[in-house]
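As structure tokens, the structure follows; a few thoughts come after it.
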Amino acid sequence: MNITILCVGTVKEKFYRDAIDEYKKRLSRYAKVSIVEVADEKTKENASPIEMDLIRKKEGERLLKHIKENDFCITLEIQGKEFDSPSLAKKIETLGVQGKSSLVFVIGGSIGLDQSVLKRSDMSLSFSKMTFPHQLMRVILLEQIYRSYRIIHNEPYHK
């Protein structure tokens with residue numbers, strides 16, 4: 001399975017980068033994992049709704065360039081479907097059985113994803129109704145994908 005984490009912006013904090021690298025290393029025995037970052041737009045504090053739409057549109061265009069036609073695209077959204085860990089593992093396993101060999105998880109920037117990206121999405125996923133920094137979300141997502149593969153392979157993992 002090829003898994004791409006497609007995200008807006010870069011991770012500057014070393015502790016996040018270290019955690020991301022650790023989970024990528026752990027996942028390497030189960031899947032080929034890559035992280036693709038697209039540039040984020042600067043958002044001023046008092047941006048108007050029109051300005052925010054324009055920013056999402058620009059970021060969305062950058063994201064869509066990295067999603068291929070045969071990719072199964074999963075967008076991370078507050079309003080998406082929530083899974084527990086065993087259910088997410090089952091979903092990933094089922095996608096593999098159905099011949100989906102390329103999963104792309106999309107994490108938007110600080111003001112979310114453009115409608116064009118949401119329309120391209122095959123599935124929307126929510127980790128919580130709470131908002132997380134998009135840098136931390138990469139770590140959480142990678143940990144849950146790793147946990148999913150441990151579950152799929154009936155290997156122990158802390159609960």
Side-chain angles (χ1 to χ4, degrees), residues 1-83 88 91-92 95-96 98-149:
M1 177 82 65
N2 292 311
I3 296 175
T4 302
I5 312 297
L6 177 58
C7 26
V8 174
T10 60
V11 174
K12 295 170 184 68
E13 295 85 355
K14 182 179 181 333
F15 60 92
Y16 286 143
R17 286 195 316 267
D18 290 345
I20 289 166
D21 290 344
E22 177 63 26
Y23 281 111
K24 281 179 62 181
K25 183 176 84 173
R26 291 181 187 191
L27 273 163
S28 67
R29 64 185 282 223
Y30 304 107
K32 181 178 180 285
V33 178
S34 59
I35 296 180
V36 176
E37 298 173 334
V38 301
D40 57 343
E41 291 290 314
K42 300 296 176 227
T43 306
K44 57 186 182 182
E45 198 65 34
N46 57 349
S48 71
I50 291 172
E51 290 171 314
M52 292 196 317
D53 283 345
L54 183 59
I55 288 167
R56 280 190 291 267
K57 182 176 177 7
K58 287 179 182 178
E59 291 174 348
E61 288 169 355
R62 291 178 191 139
L63 290 167
L64 288 171
K65 288 179 183 176
H66 295 279
I67 304 171
K68 298 180 207 80
E69 187 178 321
N70 63 333
D71 290 337
F72 189 87
C73 180
I74 302 169
T75 47
L76 275 62
E77 306 174 45
I78 290 176
Q79 301 304 321
K81 181 175 180 178
E82 291 185 21
F83 288 83
L88 181 60
K91 181 65 178 178
I92 289 172
L95 288 169
Q98 292 172 343
K100 307 291 183 195
S101 61
S102 181
L103 304 183
V104 176
F105 290 86
V106 182
I107 301 173
S110 60
I111 59 170
L113 292 166
D114 186 61
Q115 285 299 313
S116 61
V117 179
L118 300 177
K119 286 179 185 167
R120 171 55 184 90
S121 178
D122 296 301
M123 182 180 113
S124 63
L125 175 64
S126 175
F127 280 83
S128 171
K129 298 289 182 211
M130 293 184 276
T131 302
F132 297 102
H134 54 279
Q135 298 92 337
L136 177 60
M137 200 61 236
R138 294 182 204 186
V139 177
I140 295 170
L141 174 60
L142 285 165
E143 189 279 335
Q144 283 298 304
I145 295 170
Y146 174 66
R147 184 183 295 263
S148 292
Y149 276 101

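The analysis underlying the following values was restricted to heavy atoms, covering all of them including side chains, and did not include hydrogens, waters or symmetry mates.
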Who are the salt bridge (charged side-chain N to carboxylate O under 4.0 Å, His left out) partners of Lys81, not counting sequence neighbours?
none
Side-chain heavy-atom pair Leu63, Leu113 within 4.5 angstrom cut-off
yes
By side chain to side chain contact (heavy atoms under 4.5 Å, CB included), which residues pair with Glu82, not counting sequence neighbours?
Ser126, Lys129
Testing the basics here: between Leu88 and Gln144, what is the closest heavy-atom pair and its distance to 0.1 Å?
CD2-CB, 4.1 Å
Could you tell me the separation between the CG atom of Asp21 and the OH atom of Tyr16, rounded to the nearest 0.5 Å?
15.0 Å
Would you sort out whether Ile5 and Leu141 count as a side-chain contact (heavy atoms from CB on, under 4.5 Å), showing the intermediate values?
CA-CA 9 Å; Ile5 312 297; Leu141 174 60; 3.5 Å; yes
Holding to side chain to side chain donor-acceptor pair (under 3.5 Å), I want the full list of residues that pass it with Asp40, two or more places apart in sequence or in another chain.
none
Where do Leu27 and Tyr146 come nearest, in terms of heavy atoms and distance?
CD2-CA, 3.6 Å
A side-chain contact here means heavy atoms from C-beta on lying under 4.5 Å apart; do Val8 and His134 qualify?
no
So how far is it from Ile55 CD1 to Ile111 CD1, rounded to the nearest 0.5 Å?
4.5 Å
Atom pair CD1 (Ile74) and NZ (Lys100), whose distance is rounded to the nearest 0.5 Å:
11.0 Å
Under the side chain to side chain donor-acceptor pair (under 3.5 Å) rule, collect the residues that match up with Arg17, sequence neighbours excluded.
none
Can you name the salt bridge (charged side-chain N to carboxylate O under 4.0 Å, His left out) partners of Glu22, sequence neighbours left out?
Lys25, Arg26
Heavy-atom side-chain contact between Val139 and Leu142 under 4.5 Å:
no
Any chance you could measure Ile145, atom CD1, to Lys24, atom NZ, to the nearest 0.5 Å?
12.0 Å
Applying side chain to side chain contact (heavy atoms under 4.5 Å, CB included) to Asp53 and not counting sequence neighbours gives Arg56
Note, Val117 side chain near Val106 side chain (heavy atom, < 4.5 Å):
yes
Could you note down all residue pairs passing ring pair (Phe, Tyr, Trp, His ring centres under 6.0 Å) where residues 30-83 supplies at least one of them, sequence neighbours left out?
Tyr30-Tyr149, Tyr30-His153
Identify whether the distance between the nearest side-chain nitrogen and carboxylate oxygen of Glu41 and Lys57 falls below 4.0 Å.
no
Closest non-hydrogen atom pair, Arg138 against Ile35:
NH1-CG2, 4.4 Å
So does Glu143 pair up with Arg147, basic N to acidic O under 4.0 Å?
yes
Taking only residues two or more places apart in sequence or in another chain, which ones pass salt bridge (charged side-chain N to carboxylate O under 4.0 Å, His left out) with Lys14?
Asp18
What pairs with Ser116 under side chain to side chain donor-acceptor pair (under 3.5 Å), at least two apart in sequence or on another chain?
Asp114
What is the distance from atom CZ of Arg120 to atom CD of Glu69, rounded to the nearest 0.5 Å?
8.0 Å
Indicate whether the side chain of Asp71 and that of Ser102 have a donor and an acceptor atom separated by less than 3.5 Å.
yes
Between CZ of Phe105 and CG of Leu125, what distance do you get to the nearest 0.5 Å?
7.0 Å
Ile140: side chain to side chain contact (heavy atoms under 4.5 Å, CB included) partners, not counting sequence neighbours
Phe127, Phe132, Leu136, Met137
What residues form a side chain to side chain contact (heavy atoms under 4.5 Å, CB included) with Lys44, not counting sequence neighbours?
Asn46, Ala47, Glu51
Run the side chain to side chain donor-acceptor pair (under 3.5 Å) test against Ser124 and tell me which residues pass, sequence neighbours left out.
none
